[in-house]
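The structure appears right after this line, and notes come after that.
Keep in mind that the numbers below use all heavy atoms, side chains included, and drop hydrogens, waters and symmetry copies. Keep in mind it's a predicted model, so treat the numbers as computed, not measured. Below, chain A is the first sequence line, B the second, and so on; all start at residue 1.
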There are 2 protein chains.
Amino acid sequence: MSVTIRDVARRAQVSISTVSRVLNDTCRVSEEKRRRVLEAAEQLGYRPNPVARSLLTKETGALGVVVPFVFGEFFAELLNGIDAAAQERAFCLTISTSHRHEHELRAALQSLHKRVDGVLLMTPEMPGEQAVAHLPEDVPVVFLNTRLSGDGYAVVNFDNAGGFRALTRHLIALGHRRIAVITGPEAAFDAAERLRGYRMALEEAGMAFDPAWLIPGDYSQRAGYEAVQTLLAWPERPTAILASNDQMAFGALSALREAGLRVPEDVSLAGFDDVPSARYTVPSLTSARVPIRDLGARAVQCLVDHIQAETPPAPRSLVLPVDLVVRDSTAPVGGRLHTAAIEPTARKA
Amino acid sequence: MSVTIRDVARRAQVSISTVSRVLNDTCRVSEEKRRRVLEAAEQLGYRPNPVARSLLTKETGALGVVVPFVFGEFFAELLNGIDAAAQERAFCLTISTSHRHEHELRAALQSLHKRVDGVLLMTPEMPGEQAVAHLPEDVPVVFLNTRLSGDGYAVVNFDNAGGFRALTRHLIALGHRRIAVITGPEAAFDAAERLRGYRMALEEAGMAFDPAWLIPGDYSQRAGYEAVQTLLAWPERPTAILASNDQMAFGALSALREAGLRVPEDVSLAGFDDVPSARYTVPSLTSARVPIRDLGARAVQCLVDHIQAETPPAPRSLVLPVDLVVRDSTAPVGGRLHTAAIEPTARKA
DNA sequence: TGCGTGTTCGAAAACGTTTTCATGCTACGG
DNA sequence: CCGTAGCATGAAAACGTTTTCGAACACGCA
């Protein structure tokens, strides 16, 4: 059926060893035979069988990518970064997604057994050490956006805390003192880090942290929308709202507008991630830019280095910087919040 | 290093054939030996090597997924559908993305040689027949969202034309006669289909098609934004704008708001795809719901059926229905468009 | 007892490569 | 002329499975 190395050898009148040697350029072969082999391979359209090869070499030329879920623009960007970097190094990508439960994660990791040379693992809601226990065998791993307690593994993260701290500082500098936060999923590592950045900024400014200003969210647009509805019923209203990601900020924005509150005149609003849409809302959204593509690319780089190194390199922990992006949704605190809510169309900025 | 079938055989005091037979349940084995094998495999933590297995069986248990690019929420949803369906049938996913040029597509397809049992191929900007010519060998293929001239291959598409026709009809029924369309990428199959739906609806209503009402776009938010800026300079303004996808509608919405035009009082606006965000804009966006997850799931189903059938089934062409979703961004034509542009805050619906 | 039949199981081939090992050849110095 | 080193090359082993083939054995029947 398929053309094998034997067919090439027969046609070139050489042994299969010679064919292998020519094609892999592994040692010297006479010019005459090299020509014959190349010609035969070309004519027959020979493609080596990667399965047979990897049975022997123990290399598959594939990387596993395991993520717990897939949502919106974030994941698309991440995959872009990963794929570009992998393609550059001639690796295929075997990806597995959607495992909410631990046993699903286990099944996903087990199914990669002997199929990949290394694994990119993103488990924001589970410590890296716990996830790695489900790996079938001793395979190189690099974590993305994951909490790691020790330093036994390589990990690439964003500076979630730093980014959120910068956002909070920005609001404080604008005079805001009542800053509500729509949080991310309770179990999520990055959400906790962002919250930590908020507390750091408050502390630095000598402001007290009050858990009453936190509204639980789950990174969905709907959560942002509902959070604002909750928040509008509070006795004292915030002058600024900090959403733990852009998606929730979008939801918040639409709830605010429906309620007749103007952004940023009545309430300042900011998000996190700086997804492409953030610049196209009205007003455009102040956010913190996380280099999503870079995250994927760096992780691949790290993993491939690990795979190709003869001696396993020391595990590295990489934290990518997050940049504050100030747009039109944040402004100095106005002080006329309550009246504005009553007469929504009375003023125009 | 790794535990093999030999280790299990030795420990269970049987031959490797027997181990294989027990583990694959391929023919009768005495109860005693079966027990011993199972026990030994369990104790050693034996996992069969899929590479060795597939060298013999010619099956890899993997599906290739090849898409030209990855953008936003659409792709995330698609992947969700594909992954869920594949996992259900115990297939891994090997995905390859980002090939703008034909030779990149070729390289991507070639790299799947002998690595996958079948390929899911999405090439909206290239006819299926042209893409399939780059496949390394005779491997089952199912197309997604791709133009297919003949009927030699299986394909799963949306009813792009029908959906867009429904949107256009909806606007016509609301009294709109000047309906501008922000088109998709010129080469894109789905964009062309949507445009065809627009023309069909016009024709059915006895209205003339005028290419002057078309503004070129490329499915990006930016394109929608810029399209509206173009359009506002026209001597005669449309009463409704139909964007070829939601992303462009979002961009258009923000440009309209910046220009002081109200949606839907001054201009009606609709999109296509009904991404999750569509219900969270203000006003919420009238759109056409495409069953993205289903697209992926059906394609996988189709492909796996093909793979597992002993005789290749007749290629099927599947067109998934698209539902009109009417929200707040479309309204009966007002007739006060021009004055409204001058006094944007004059009315409140 | 001899023979056919059916059942369980092990030996060995096969899959398509890479790599080791041995062999034959050439060239060269003594 | 001979031994040896170096080199090109082919034969064969190896990778870890599945599957075919045949052997061994038990059993029923003549």
**side chain to side chain donor-acceptor pair (under 3.5 Å) partner of A/D190, chosen from A/N160, A/N157, A/N145, A/T146** = A/N145

**Prompt:** Expressed in angstrom and rounded to an integer, what is the separation of A/R21 atom CZ from D/dC7 atom P?
**Reply:** 14 Å

**Message:** Can you tell me if A/Y153 has over 12 outside heavy atoms packed within less than 6.0 Å of its OH?
**Reply:** no

**Request:** Check the distance between C/dA13's P and B/L55's CG and give it to me in whole angstrom.
**Result:** 17 Å

**Asked** Between B/I5 (CD1) and D/dT19 (P), how many Å, whole number?
**Response** 11 Å

**Message:** Could you tell me how far apart B/L56 (CG) and D/dT18 (C1') are, to the nearest whole angstrom?
**Reply:** 4 Å

**Request:** Without swapping roles, check the side chain of A/D83 against the backbone of A/L79 for a donor-acceptor pair under 3.5 Å.
**Result:** no

**Distance in angstrom units between A/L23 CG and C/dG16 P, rounded** = 16 Å

**Request:** Check whether any side-chain nitrogen or oxygen of B/K58 sits under 4.0 Å from OP1 or OP2 of C/dG16, and answer yes or no.
**Result:** yes

**Message:** If only side-chain N and O atoms count, and only distance matters, is there a donor-acceptor pair under 3.5 Å linking B/S17 with B/S20?
**Reply:** no

**Message:** So B/P48, base contact, sugar-phosphate only, or nothing? Heavy-atom distance under 4.0 Å.
**Reply:** sugar-phosphate

**Message:** Any base atoms under 4.0 Å from A/S20, or only sugar-phosphate, or nothing? Heavy atoms, all strands.
**Reply:** base

**Prompt:** Nearest nucleotide by nearest heavy atom, which residue falls closer to the 5' end of DNA chain C, A/R53 or B/S30?
**Reply:** B/S30

**Message:** Tell me whether the side-chain N/O atoms of A/T18 come closer than 4.0 Å to OP1 or OP2 in D/dG10.
**Reply:** yes

**Prompt:** Under the 3.5 Å rule, do the base of C/dG6 and the side chain of B/R28 count as making a donor-acceptor pair?
**Reply:** no

**Item:** Residues B/R35, B/E31: salt bridge by 4.0 Å N-O rule
**Value:** no

**Prompt:** To the nearest 10 degrees, what angle separates the axes at the start and end of the helix from C/dT1-D/dA30 to C/dG30-D/dC1, five pairs each?
**Reply:** 70°

**Asked** Reckon B/V29 touches a base, only the sugar-phosphate, or nothing at all at heavy-atom distances under 4.0 Å?
**Response** sugar-phosphate

**Asked** So, B/D305 and B/R89, do they make that salt bridge, N to O below 4.0 Å?
**Response** no

**Request:** Compare side-chain N and O positions of A/K33 against OP1 and OP2 of D/dT9 and report whether any pair is under 4.0 Å apart.
**Result:** yes

**Item:** SB check B/E32 B/R36 (cutoff 4.0 Å)
**Value:** yes

**Item:** Euclidean distance, atom CZ of residue A/R6 to atom C1' of D/dA11 [Å, nearest integer]
**Value:** 11 Å

**Request:** Round to the nearest Å and state the distance from B/R47 atom CZ to D/dT17 atom P.
**Result:** 12 Å

**Prompt:** Base, sugar-phosphate, or nothing: which does A/S17 touch, judged by heavy atoms less than 4.0 Å apart?
**Reply:** base

**Item:** Spacing of A/N24 atom CG relative to C/dT20 atom C1', expressed in whole Å
**Value:** 15 Å

